[in-house]
Amino acid sequence: MASDGIGGSPSDRGFDVTDVMGGVRVLEVAEHTFVPAASALLADLGAEVIKIEHVERGDAMRGLLSSGVGIMGTDVHVLLEHSNRGKRSLGLDLSSPDGLAVLERIAASCDVFLTNKLPSVREKLGIDVDQVRAWNPDIVYVRGTGQGSRGPDADKGSYDVLSYWHRSGMALGVKPQESNTVPPPPAPAFGDSIGAMTIAGAIMGALYHRERTGEATVVGVSLLGIGIWSMGAAMALSLQLGMPWGPPPAGMSRNPLVGTYQAKDGTFVSFSCLQAARYWAEVCDLIERPELATDPRFADHESLSENAGAAGDELAAAIGERTVEEWRQRFEGFSGQWTVVQDTLAAAVDPQTVANGYVVDCETAAGTPFKLAGAPIQYDDQQPLPRRAPEFNEHGDDILQEVGFDWDAIVDLKARGVVA
């Protein structure tokens, strides 16, 4: 169980085979989820992450009371934990020359500088690439953006629901043709969390490149770019066919074993057997309708495709006669590809989730337990274990002392509002 909020080297929590980023020091000037979640993943993997927060209010995420889909619990700020686990926090006024001087000292000791500030803000604060590289020529500079670093919207802010979900074609890609509304993303920070994996991987690649060549690169990842990549297969087909991507009209399937069917208890069962004719007879036996396997309408690949609607109707009727638990038992030995359609609570206790440690236990500084999705990376079959997110400015004094400030200087910085 993770309870230590201190970042630092792998020695802080004992040697762990998953600490592949041990010894790497990341300086983060970012808020919300997209970019901070990337360094949270690196912290899970052993990196030391120093999070710079607004000197008075901290990360704007700390004040977020609603996720957009419901009110969060009051005992643990789980959205903050998701994107800030394992970090060290320093409240710092970057708008002041003295605050920038503090940042310079910290940056000089770091391997990575990570930010989601807009270009105009980076320039105003003095934390753009040239300024940070003047402090540390070897630092990997990483910027997460809404729409990319070039083009007319490069200096416009965004959120994942806009750039990742709506602008990339994803929302209309899942919108049923008969619907009059655009579907929302399936989860808060959905594109942010996917984008964070991309940033984390890009940082690891940049560090490997620097180790081989001595060259420190500038890494850029945008929500729009990630959204287009996520839609990559659909994008390729859409461009080839010259038509926008979207789901087919209801009843247009040519394969009855690619789709979802509702069980007696309201739960859905999903099939994705791309070779329908190969598995049709086996399915017919499992649903106790063996005569459907020899029915002339479904007897071979061609006839099954031509009569996919009728085959689907037969399968839907059969699935609707039993509960999902009955189907779990019946399809346990099925040689084709299928699953039960689960909600988040069911997914969290799925035997595969539990066996692989995909949901992990954490606790706050006060000992309050909570759970988080684990890092989607394992080394030697070991699941990285996150530590809790820091309290605001929890490590401020320690960080300042580590970069050479004595106590008198720290007290002076506090008195003048440069640090929290």
Taking 4.0 angstrom as the limit, do [X] and [Y] come out as a salt bridge?
X      : Y      : result
Arg416 : Asp93  : no
Arg388 : Glu363 : no
Asp160 : Arg167 : no
Asp361 : Lys371 : yes
Glu402 : Arg88  : yes
Lys264 : Glu326 : no

For atom [atom1] of [X], decide whether the heavy atoms of other residues, nucleotides or ligands shown that lie under 6.0 angstrom number more than 12.
X      : atom1 : value
Phe370 : CZ    : yes
Glu123 : CD    : no
Asp381 : CG    : no
Arg212 : CZ    : yes
His209 : NE2   : yes
Glu332 : CD    : no

Is there side-chain contact between [X] and [Y], with at least one heavy-atom pair below 4.5 Å?
X      : Y      : answer
Ile127 : Val121 : no
Tyr279 : Phe334 : yes
Ile226 : Val221 : yes
Pro386 : Cys362 : yes
Tyr358 : Gln378 : yes
Leu400 : Lys414 : no
Val258 : Leu274 : yes
Glu104 : Asn136 : no

Counting distance only, does the side-chain N/O of [X] pair as donor-acceptor with the main-chain N or O of [Y] below 3.5 Å?
X      : Y      : result
Arg85  : Ala37  : no
Ser222 : Gly225 : yes
His77  : Leu80  : yes
Lys87  : Glu48  : no
His54  : Asp59  : no
His166 : Val161 : yes

Quick one about [Y] and [X] (side-chain donor to acceptor, distance below 3.5 Å, no hydrogens or angles considered), yes or no?
X      : Y      : answer
Asp350 : Gln342 : yes
Asp98  : Ser96  : no
Thr115 : Glu28  : no
Ser272 : Gln337 : no
Thr368 : Asp75  : no
Thr18  : Gln382 : no

(message) One pair to check against side chain to side chain contact (heavy atoms under 4.5 Å, CB included): Leu207 and Val24. What are the steps and the verdict?
(response) CA-CA 9 Å; Leu207 290 171; Val24 172; 3.8 Å; yes
(message) side chain to side chain contact (heavy atoms under 4.5 Å, CB included), that's the test. Do Ser193 and His82 meet it? Break it down for me.
(response) CA-CA 9 Å; Ser193 299; His82 169 66; 3.1 Å; yes
(request) Could you give me the CA-CA distance, side-chain angles and deciding distance for Leu223 and Leu162, then say whether side chain to side chain contact (heavy atoms under 4.5 Å, CB included) is met? (result) CA-CA 9 Å; Leu223 288 166; Leu162 300 177; over 6 Å; no
(message) As a test of understanding, state which of Arg133, Arg122, Lys117 forms a salt bridge (charged side-chain N to carboxylate O under 4.0 Å, His left out) with Asp128.
(response) Arg122
(request) Under the side-chain hydrogen bond (donor to acceptor under 3.5 Å, both in side chains) rule, what do Ser158 and Gln147 come out as? Steps first, then yes or no, please. (result) CA-CA 8 Å; Ser158 191; Gln147 292 83 217; 3.2 Å; yes
(request) Begin from the C-alpha positions of Glu53 and Asn393 and carry the test side-chain hydrogen bond (donor to acceptor under 3.5 Å, both in side chains) through to its verdict. (result) CA-CA 8 Å; Glu53 302 196 53; Asn393 197 51; over 6 Å; no
(request) Could you give me the CA-CA distance, side-chain angles and deciding distance for Asp138 and Arg210, then say whether salt bridge (Lys or Arg N to Asp or Glu O under 4.0 Å) is met? (result) CA-CA 8 Å; Asp138 297 323; Arg210 189 184 70 174; over 6 Å; no
(message) Ser230 vs Tyr164, test: side-chain hydrogen bond (donor to acceptor under 3.5 Å, both in side chains). Steps then yes/no.
(response) CA-CA 9 Å; Ser230 298; Tyr164 178 83; 3.1 Å; yes
(request) Would you check, one step at a time, whether the test side-chain hydrogen bond (donor to acceptor under 3.5 Å, both in side chains) holds for Ser83 with His32? (result) CA-CA 8 Å; Ser83 54; His32 299 292; over 6 Å; no
